[in-house]
Structure formats: C-alpha cells, structure tokens
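Ligands are counted one by one from 1 in listed order, and the atoms in each one are counted from 1 as well. Side-chain atoms are counted along with the backbone in the values below, which use heavy atoms only and exclude waters and symmetry mates.
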Amino acid sequence: MNPWTVVENEWDPHRANYFETLFTVGNGRLGTRGSLEERHTGSLPGTFLAGVYDAFDAPVVDLVNAPDWLVTEVFADGTRLDTESATVLGHRRELDLRRGVLARETKFALPDGARFVLRTERFASMADRDLCCLRVRVTALDRTASVTIRSGIDGHRRNLERLPAYPEGTEFGYDRKWDKWALSTHLRSTGTGFVDGVGTLECRTIDSGIDLAYALRVELSGIPERRVEQRGHESITVESEFALAPGETVGVDKFVGIATSRDPKAGAAPADRARATVARVADLKQASAANAAAWQRLWSASDCEVVGDDRVAQALRFAVYHLLIAADPDDPTVSIGAKSLSGEGYRGHVFWDTEVMLLPFYLFTQPRAARALLGYRHHTLPGAREVAADNGAPGARFPWESADTGREECPQYTSDGSGRFYTREEELHVTADVAYAVMRYAEVTGDDAYLFTEGAPILFDTARYWVRRCEPEGAALVLRTVMGPDEFHSHVDNNAYTNRLVRWHLEQAAAVHHRMATEQPELLAAHSESLALSATEAEQWLDAARRLRVPVDPDCGLIEQFDGYFDRTVVPITEWDDNGMPRFPAGRDHLTCEDTSLVKQPDVVMLLHLLPEEYSLDTRRQNYAFYEARTLHKSSLSPSIHAIVGLQVGEADAAERYFARSAFVDLDDNQGNTEDGIHIAAAAGTWQAATHGFGGFQATRAGLRFSPVLPSSWERLRFSVCWRGRRVRVDLGHQDARFELIGDGPAETITVWGDPVRVPPNEIVEVRAPQSVVS
Ligand code: BGC
C-alpha cells in the first residue's frame, strides 16, 4: 500500500457517494466533491465556497452548493460515456495526497464492443486559490469514432433540504435516495456569456446577496471538427467534436477561475477577477507545477509520518490532506464547518470543533491558518453580541452553530419535527472554548500583538457575558440549565466542564487585562472605550472565577459531570460493534439517555484533556476509568480524546483501539455517514492522538515535552511543530527520539521522557529512552 494515495479500484454505485466525499479536492477557499465528471444516477456532486452561505428557501442557513466547475460529458459515436449508457470494463481513481490531485481512468465499451478510455485529472490549485483545473483525455482503442466533449459550468445547483417523513425503516436504492429529498434554491442566475473564447457564468445568492462569478477557458488537445460555445440560463459549455483514429487521443484542458463579492481581496468586479485568473495561466503544466510546489511547502510543515504501518500512515496522511484543504490562511472571515468543504452535512455550520479539535493541528503546523480561524471569531463578534443580547445579557456569547454572521444558526428540532434539541439554548461552553483557543494561540506562538489587539476584545466581552449568566447560590455562583459536551443530558446545573472552563476563561481574561494595564495601557484604553468596560470589570471577572462552583467529590477526586449525575440510573454497556465501539443499550437512543449516566462523548474527560496540568495523574486515572465505562462514543470527536487521555493514564491497549476508530472513521466509513462529508474534527483528533497521544507531546508554558510510547507496529513517528515562531522536527522511536530546531536564535530546552534536553538550532539532537520506558 502506498501511504501517499487513496485508491478506488472498481465502479460500485453503492459506494460512489462515499468516494465522492473521500476524493474531495480543495484549497481551503473551496472544496469540490469527488463526483465523476459526467456524474451518475444517485451522484451527490458539490462545490462549496468558504463563507458563501444563504438562507433562502431553507429553514436554517446553508453552505451553498455552488456552481459545479467539473461537469463534462463525453460522447463516442453518440453514446454517452457514463456508467449507465456504456459498459464499464475497468475503473480506477487515485487521490494523490501529496499533490492534491485526483486522477481517473475508466474504460468503457459501446454496445458494439468498441472500447474507449477516459482519463481525467483535477485539482483546486493551492498556488492560486481562485483557480481550478481539469484535464480530460479520450482514447479510442479499437476503431475510428466521432468523439464529442462537452465541458462547462453548471449553475443549476440545489441544496438538499430534508427527506420528507417516510414510514420507519423505508430504504431507497442508491439511484433513488437523493431524488426523494426536498431541495432548496440559493442562487439566481445573473448572466452567462462568452467573450474572446472565455465563458463567464454569474449568479447571486438570493438572501445573502453574494455575487459569484466563474470564468471558463477550454484548451483543446487535438484538432477539432468543430468547436461551439453554448450558453444557457444557468450554464455555459464548450462543445468540441473530434474524428478519432484507433489508438488516437484527444481531449481538453479546462481552467476555471472563481471569484465572489465576499472575497477579502475583492476589488474589481468578480467576473473581471475570475477572467483574470484564467488569463494568467500559461498551460496545465505550469498550473500543475505551481500547485505541486505549494503542496510541497504545506507537507514539509504538516506531514505526520508513521513508519512501519502503512495503513496507519495512509490514514494519517489522509487526515492531514483533508485538514490542509479545509483552511484558508488568507481569509480571516471564515472558519471550518463540521464537514469541512466536503459535503452538506450539518449545512456547513461551524461548531466548537474548530477551537477544540482542529486548532491544535493548525497551531502547530500552519500557524497562519490558525490565526485566520481565530480571525473568524473576531469577525463574528457582532453576531455573538446579538446572541448575548437575545438572551438578555451584555457582552458576547458565541453561538452553538455559526455561519457567516456569528448569529445562532442551530435548529431547534430534528428535521421531521419529532425531536427537540436544546444545544442551541444550552451548549454554552463554546464561548469558553473560543477563549481557550485564543489563549492557546497566544501561548504557542508568543504572538502578543494578536492577543492584545484581536484576542483581548474577545476575552473581555465574553467574560462579561459569563458574569451576567452566572447566578448566585449562597456565597457561590452557579451555572444552571446548561448542556455540557455530552449532549445526552440537557437542562443540567453546574456542568463540570463548562464551569471549570468558564473559571479558567475569567481568570485568563483578568490576567490579560492586568498585563495590558502595564504593557499596553493605550490599547487597553481603546478597548475599554469601545466595549464600555468599567474600571472594575476585571475585578468582577476574578471574583466570579473564585466563586464559581466546580464540582469535585472531595473524597476521591471524582468529578461529578453535573449536579445529580451520580444519581442517574446506571445502564451498563453490554454490546460493542465490529469496530469495538459500544452500541446503545436496548431501548435507548440519542434522545432517551437523559435519565441514565450514559455519556455521548467525553465531557469530564475532555476537561482533563484541555487542562491536563490542573489535575493530578491520580485524578485523571480515576475519572478516565469511571467515565470510560459510561461513554458510548456517539460522536466522531470522542475516540481520539479517549486515546490521548487513556495514554496519559496508562491505558495503551484501549488507546490503540480508540485511535483506530478515529483514524478510519471515513476511510472505513465506520459511522456509515461519510457520504455527508468528512468528519474533519476526527481527522484533527487523529493528528492529536498521534502527536499528543503516542508522541506524548505537550506544549506548556514551561516549554515542549515529549514522552513517546508508540504502538508496537509503529517503528517511528515523525512530525514537526511550530513553537514561538520556530519549527522543531520531531522523530520518535521506541528507544530514542531526535529533535532538530530549525531557524536562528537561542537553544530550546525540551523535556523528553521527563528529562530536560538542550536543543541548539540546526543540529540533530538524539535522546535515548530511559530504561524504564524501554523495558
Ligand atoms: C457532537 C458535537 C459536535 C457536532 C459537530 C455532534 O454530534 O456531539 O460535539 O460539535 O456533532 O461535529
């Protein structure tokens, strides 16, 4: 197995939607699902542009399924070369993770037996995020034929709205299941046309009023019999017809420029910018080379390599690939939805996933992207202020589900209306999660300029929200009617995760305020003026932090997940699925675990993960064991966190199982819903479980620490981390560890297996594992 590629070896329509997700190509600005260029019955194509949301015709705002730049049809003597009109003799696609290129080769036969090979190659350029490229080649194997290639832009796109209620258990075949969905329209055509051989398709999102423009340039390979430009109301196409001799190959190279009126660098009209994008490309060779070079730079910072286990190595690279195509370091107004830009799942909404699960990967490998992701929360502060105001509080409260404005976008009901969610009202912890991310970024990068300019208003305005949200109970403060990360339990009081993180948040806000009073008084005065902060507010934050109740059992250090949790019915977990993951006990499901102590995903364990230094090893061990026995892992965010904390408390076997569950969640489709999009939080959790878990990597105020304990099948684990503006290359084995600090400046002291090690710049330092680790 080549750990740099993911391969599809045969055409199976039942697996096609899954491969559409896996084979998404992208560049952080856009993602395009891996649909066949000609599509198939039951296909679920999609191109998603970061930040392009619209609420028209839908109950909840959608990440718009934007015009499709791939669409291409090939006809041989009038027969369409697709999986239904012709016979598929062979089919292979390969996603090259190293260069972000999806290549395809399909051999078709016509009814008379004449064979044709269709080869394509596509990528969304990492070198120019406005550019997408597609190469199409057709070869006639047996006889002369007339071949027509129609390639263009399809602007007739709809988002899936919902599946109307059908009797329970109704199942549809792959070819009908999407047919059954209600659809919503988000785009109105504003024009199509061709000028000097270059086509333009323009449209506008109906509610949000974003202008989109696609420019199309098609270069022919071979001499056509004819070339025709066609424009429809919502499409543009270039059709070319060739006479092919046996063994001969013809084709097109397609360049598509995409621009929108919401692009941060917007200046000229989108159509002009899109046309300029395709005009500046010399040819596909040049565009491919630039793309490959950009990818090489990304991998040199972000690769996470496992030597000795190719399947795991591939899974990690696959995870990193998807993380790299999810973030745009040049756009601080967008964040990453729960399914990245790879599908319509969760309607493209942004959750705490970004700050808690995804951020570490970017922070340590692509800090510019991390900075942009935090920029999104700053950009959406006005929306967060509205959320607080809607809840009768001053300050800012980040929404549970966020899109373009920062206002709350979380639905209240299941799509058939039968179930009520309370996440929108109660999952308040996201606000403290954002504060946590702000502080982590500042700590790891040392970027005080960020902290004092954009970070501080986030910390201050959200701290102010918490002070109002807390209620007095005697001398203490409490947080009532909330939901922790464990979504099985709503309307709970004093969720330990929330209260502890809020306390931490309030303390950090006060500490930053204090630092600014001496280091940046003018900037502090400016924030105080714009936020109307009173002179005593920071004192109030500290006072609230001191009084806020954080439940811990005084005798044994067991943390009660919320008030009364220990009294809930204990329902034992008795069944596990093929991946070794718990099944719901009989009669229980997502909405019926309230009265039990069953937990959907780490809650107390997540707290131990985020604040490891605050809890003794013994406390962590006890709580991990207690909650592990009650956790059903019904979120893809869950297993990786259990792997990391499990490794810290010595549960290595369980950690390997949890790691595998996270690493293969999409490659093995082990949640059964990969077709909706990549579980991007699990991809980042997989990276965290490899580096923070098996690599024992921690970045603390005191510096970097590593205590690797690799699975027996891994020979080495290699990755890089950025720390305070420099990069450290890390190469870990069972008996040794090597470090190389890249860049000028003083030596770093790194703690390895508990001992301090001096690492001077640009020198490989090798450390032998102590006997206690080796034996
Ligand atoms: C999880 C949340 C998560 C969301 C989006 C839910 O199932 O419980 O923690 O934020 O999915 O990934």
Side-chain angles (χ1 to χ4, degrees), residues 21 60-63 319 322-323 326 335-361 373 377 398-403 408-415 419-434 436-437 482-490 492 495 497-498 501 561 581-582 584 589-591 593-594 598-607 609-610 627 630-642 661-662 665-666 670-674 676-686 688:
T21 295
V60 185
V61 68
D62 276 327
L63 182 65
H322 274 282
L323 289 161
S335 186
I336 299 174
K339 303 286 183 183
S340 62
L341 297 167
S342 66
E344 291 186 29
Y346 284 118
R347 296 172 181 265
H349 295 179
V350 176
F351 294 71
W352 71 316
D353 304 25
T354 302
E355 283 73 22
V356 170
M357 300 297 295
L358 301 168
L359 194 84
F361 166 79
L373 292 171
R377 293 298 189 178
F398 286 103
W400 178 241
E401 295 187 24
S402 184
E408 183 59 79
E409 308 292 359
C410 179
Q412 285 181 312
Y413 292 90
T414 50
S415 57
R420 170 78 161 89
F421 308 121
Y422 292 93
T423 49
R424 171 190 182 107
E425 289 90 348
E426 297 182 0
E427 226 171 321
L428 305 182
H429 63 83
V430 55
T431 295
D433 303 327
V434 172
Y436 179 84
V482 303
M483 190 188 293
D486 160 31
E487 296 179 345
F488 286 170
H489 296 98
S490 36
V492 305
N495 167 251
Y497 174 92
T498 309
L501 217 59
Q561 189 177 301
M581 287 294 128
F584 275 110
D589 63 24
H590 272 92
L591 297 169
C593 288
E594 291 273 3
L598 291 167
V599 170
K600 179 180 177 185
Q601 64 197 93
D603 194 303
V604 169
V605 173
M606 183 59 104
L607 179 60
H609 168 60
L610 294 188
Y627 285 102
R630 290 158 177 77
T631 305
L632 284 173
H633 301 286
K634 295 299 172 192
S635 158
S636 67
L637 280 60
S638 189
S640 55
I641 302 304
H642 271 248
R661 171 73 186 208
S662 182
V665 64
D666 287 316
N670 64 22
Q671 301 225 146
N673 61 355
T674 291
D676 295 347
I678 287 289
H679 295 86
I680 198 68
T686 301
Q688 285 201 50

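- Within the set K634, K600, E487, the minimum heavy-atom distance to atom 7 (O) of ligand 1 is found for K600.
- Ion pairing between K600 and E487 holds under the 4.0 Å rule for side-chain N and carboxylate O.
- Less than 4.0 angstrom separates some heavy atom of Y346 from each of these atoms of ligand 1: 4 (C), 5 (C), 6 (C), 7 (O), 11 (O).
- The aromatic rings of F488 and F584 lie tilted to each other, with the angle between the two planes from 30° to 60°.
- Without hydrogens or angle criteria, S342 side chain to G677 main chain gives no donor-acceptor distance under 3.5 Å.
- Taking the charged nitrogens against the carboxylate oxygens, E355 and R377 do have a contact shorter than 4.0 Å, which makes a salt bridge.
- Short contacts between ligand 1 and L637, defined as distances under 4.0 Å to a heavy atom of the residue, involve ligand atoms 9 (O), 12 (O).
- For W400, the closest heavy-atom approach to ligand 1 falls below 4.0 Å.
- When atom types are taken as modelled, the side chain of Q561 and the backbone of N495 share no donor-acceptor pair closer than 3.5 angstrom.
- Taking a cut-off of under 4.0 Å to the non-hydrogen atoms of A338, the atoms of ligand 1 that pass are 5 (C), 12 (O).
- Closest to atom 8 (O) of ligand 1 among all protein heavy atoms lies Q601 OE1, 2.5 Å.
- With hydrogens and angles disregarded, no donor-acceptor distance shorter than 3.5 Å links the side chain of Y436 to the backbone of L501.
- Of the protein's heavy atoms, D353 OD1, 2.6 Å lies nearest to atom 10 (O) of ligand 1.
- The atoms of ligand 1 that sit less than 4.0 Å from any heavy atom of W352 are 2 (C), 3 (C), 9 (O), 10 (O).
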